[in-house]
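All values derive from a computational prediction rather than experimental measurement. Start at 1 with the first residue, then count along the sequence.
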Amino acid sequence: MLQRYQGIVLCSFKYNDTKNIAHIFTRENGRMSFLIPVSRSKKKGAMSLLFQPFAMVEIDAEVRPRASLHPVREARLWHVLSSLPYDPYKSGIAMFLSEFLFRALKEEGRDETLFSYLAGSIMWLDACEKSFSNFHLVFLIRLSRFLGLYPNTEDYAEGAYFDLMNACFTIEKPFHGMFLHPEESARIVNLMRMKYDNMHLFAMNRMERNRCLDIINEYYRLHLPDFPELKSLSVLQELFI
């Protein structure tokens, strides 16, 4: 049956000489996988170019019961990004976050609220003209709410440790090794205060920002099964001063 979906591209890769696979988080059905024709013809060649990280596509696909891959018949953009695909800093963020979402959203079904968060965040980054170097940190902290992983901040007090394994702050040093010392725990609290419209007020140098990213990445790896090391992590960490 031919069905229409709006979605956000997480990643795409070669399947064979005539088709690519695109993994897309759709508004209607959560994460889905689609077969994209690859051809030298102008029309089908243009279709494959649509499926770049964070592209916002509308597709007509042949969906069959129990099938895991759905052939795409037609594709177009439902929202055109004006700067993100062309700005090296923004596209670097998109490459990392799309890979992150590809790994993190494996089991996510239809979730209109999550879809709106992802779409709104991408549009915000696309429209932002400056001071977006903390965007990926805010994005990932806020994403944890949708995945049920948001840390409990109720017990935070100055000098507390952050227990990465149990996602909470504690005055007592945890017996296991997965925790942050008080100085870095305070940094996590600051991260949770950030929003897109105020993140420029939280000044960090590259070393501090990369340390925060390492902590967030390790936190997700602790709480999401089989979450791997991300290839694009090191690329992102070289972007901002």
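Under a hydrophobic-cluster definition in which Ile, Leu, Val, Met, Phe, Trp and Tyr are linked whenever side-chain heavy atoms come within less than 4.5 Å, directly or via other members, M178 and F227 are assigned to the same cluster. No single ILVMFWY cluster, assembled from side-chain heavy atoms under 4.5 Å apart, contains both L164 and I171. L69 and L105 fall into different hydrophobic clusters, defined by Ile, Leu, Val, Met, Phe, Trp and Tyr side-chain heavy atoms under 4.5 Å apart, directly or through other members. The cluster map of Ile, Leu, Val, Met, Phe, Trp and Tyr, joined by side-chain heavy atoms under 4.5 Å apart, puts M204 and I216 in the same cluster. Note: the hydrophobic cluster containing V57 also contains V80 (ILVMFWY, side chain heavy atoms under 4.5 Å, direct or indirect links).
Applying the ring pair (Phe, Tyr, Trp, His ring centres under 6.0 Å) definition to pairs two or more places apart or across chains, those involving residues 57-80 are F34-H70. Counting only residues at least two apart or in different chains, ring pair (Phe, Tyr, Trp, His ring centres under 6.0 Å) contacts with residues 196-222 comprise F100-Y220, W124-Y196, F135-Y196, Y219-H223.
Enclosure of atom CZ in F13 by more than 12 non-hydrogen atoms of other residues, nucleotides or ligands within 6.0 angstrom is indicated. Residue E112 qualifies as enclosed at atom CD: its count of foreign heavy atoms under 6.0 Å is above 12. Atom CG of D226 has 12 or fewer neighbouring heavy atoms from other residues, nucleotides or ligands inside a 6.0 Å radius. Atom OH of Y15 sits in a sparse spot, with 12 or fewer heavy atoms from other residues, nucleotides or ligands closer than 6.0 Å.
Residues Y161 and L180 are not in side-chain contact: their nearest non-hydrogen atoms beyond the backbone lie 4.5 Å or more apart. Side-chain contact between D155 and T170 is absent, with no heavy atoms from C-beta onward closer than 4.5 Å. Taking the side chain as every heavy atom from C-beta outward, R103 and L230 approach each other to under 4.5 Å. You'll find the side chain of C212 stays beyond 4.5 Å of the side chain of H136, heavy atoms only. Two residues are said to be in side-chain contact when any heavy atoms from C-beta on lie closer than 4.5 Å; L236 and E99 fail this criterion. L125 has its side chain within reach of F132: a pair of non-hydrogen atoms, C-beta onward, lies under 4.5 Å apart. Within the 4.5 Å cutoff, no side-chain heavy atoms of V9 are placed close to those of F25.
In this structure, the separation between OG on S234 and CD on E229 is 10.0 Å, given to the nearest 0.5 Å. Taking CD1 from I24 and SG from C11, the interatomic distance works out to 9.5 Å, rounded to the nearest 0.5 Å. Interatomic distance, L233 CG to N217 CG, rounded to the nearest 0.5 Å: 5.5 Å. Considering CG of L201 and NZ of K195, their distance stands at 12.5 Å, rounded to 0.5 Å. Atom-to-atom distance recorded for L35:CG and S12:OG is 12.0 Å, nearest 0.5 angstrom. Note that CG of L77 is 10.5 Å distant from CD of Q52, once rounded to the nearest 0.5 Å.
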### Task
Starting from the C-alpha separation in whole Å, work towards a yes-or-no answer on side chain to side chain contact (heavy atoms under 4.5 Å, CB included) for E208 and R187.
CA-CA 9 Å; E208 292 169 331; R187 187 173 295 167; 4.3 Å; yes
### Steps toward side chain to side chain contact (heavy atoms under 4.5 Å, CB included) verdict (F169, D163)
CA-CA 6 Å; F169 293 92; D163 186 331; over 6 Å; no
### Task
Walk me through it: do R209 and S133 pass the test side-chain hydrogen bond (donor to acceptor under 3.5 Å, both in side chains)?
CA-CA 9 Å; R209 188 177 298 110; S133 56; 3.3 Å; yes
### Task
Kindly determine whether Q3 and Y5 satisfy side-chain hydrogen bond (donor to acceptor under 3.5 Å, both in side chains), including the steps that lead there.
CA-CA 7 Å; Q3 296 188 25; Y5 297 93; 2.9 Å; yes
### Message
One pair to check against side chain to side chain contact (heavy atoms under 4.5 Å, CB included): V38 and K19. What are the steps and the verdict?
### Response
CA-CA 5 Å; V38 176; K19 293 181 177 65; 5.5 Å; no
### Message
Test side chain to side chain contact (heavy atoms under 4.5 Å, CB included) on M56 and M123; report intermediate values, then the result.
### Response
CA-CA 10 Å; M56 297 171 148; M123 292 178 188; 3.9 Å; yes
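For the pair N134 (side chain) and L137 (backbone), a donor-acceptor distance under 3.5 Å is absent. Checking side-chain atoms of K90 against main-chain N and O of C128 turns up a donor-acceptor pair under 3.5 Å. Distance alone, capped at 3.5 Å, places no donor-acceptor pair between the Q6 side chain and the R27 backbone.
Seen from the ring of F179, K173 does not count as a face-on cation partner, given the 6.0 Å and 45° thresholds.
Residue G7 comes nearest to F115 through the heavy atom pair CA-CE1, 4.0 Å, listed as atom of the first residue, atom of the second, then distance. Across every non-hydrogen atom of L81 and Y86, the tightest pair is O-CE1, 4.2 Å. Pairing each heavy atom of L50 with each of A55, the nearest pair is O-CB, 3.1 Å. A75 and F51 make their closest contact through CB-CZ, 3.8 Å (heavy atoms, listed as atom of the first residue, atom of the second, distance).
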Show which side-chain atoms of residues 138-149 pair as donor or acceptor with protein atoms under 3.5 Å away, not counting sequence neighbours.
unit_1, atom_1, unit_2, atom_2, d
S144, OG, I141, O, 2.5
R145, NH2, Y150, OH, 3.3

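A donor-acceptor contact under 3.5 angstrom links the side chains of D126 and S83, judged on distance only.
For R76 and D60, the salt-bridge test passes: some basic side-chain N is under 4.0 Å from an acidic carboxylate O. A salt bridge links E184 to R211: at least one charged side-chain nitrogen sits closer than 4.0 Å to a carboxylate oxygen.
Looking at S185, P182, C168, P174 one by one, the single match for side-chain contact (heavy atoms from CB on, under 4.5 Å) with F162 turns out to be S185.
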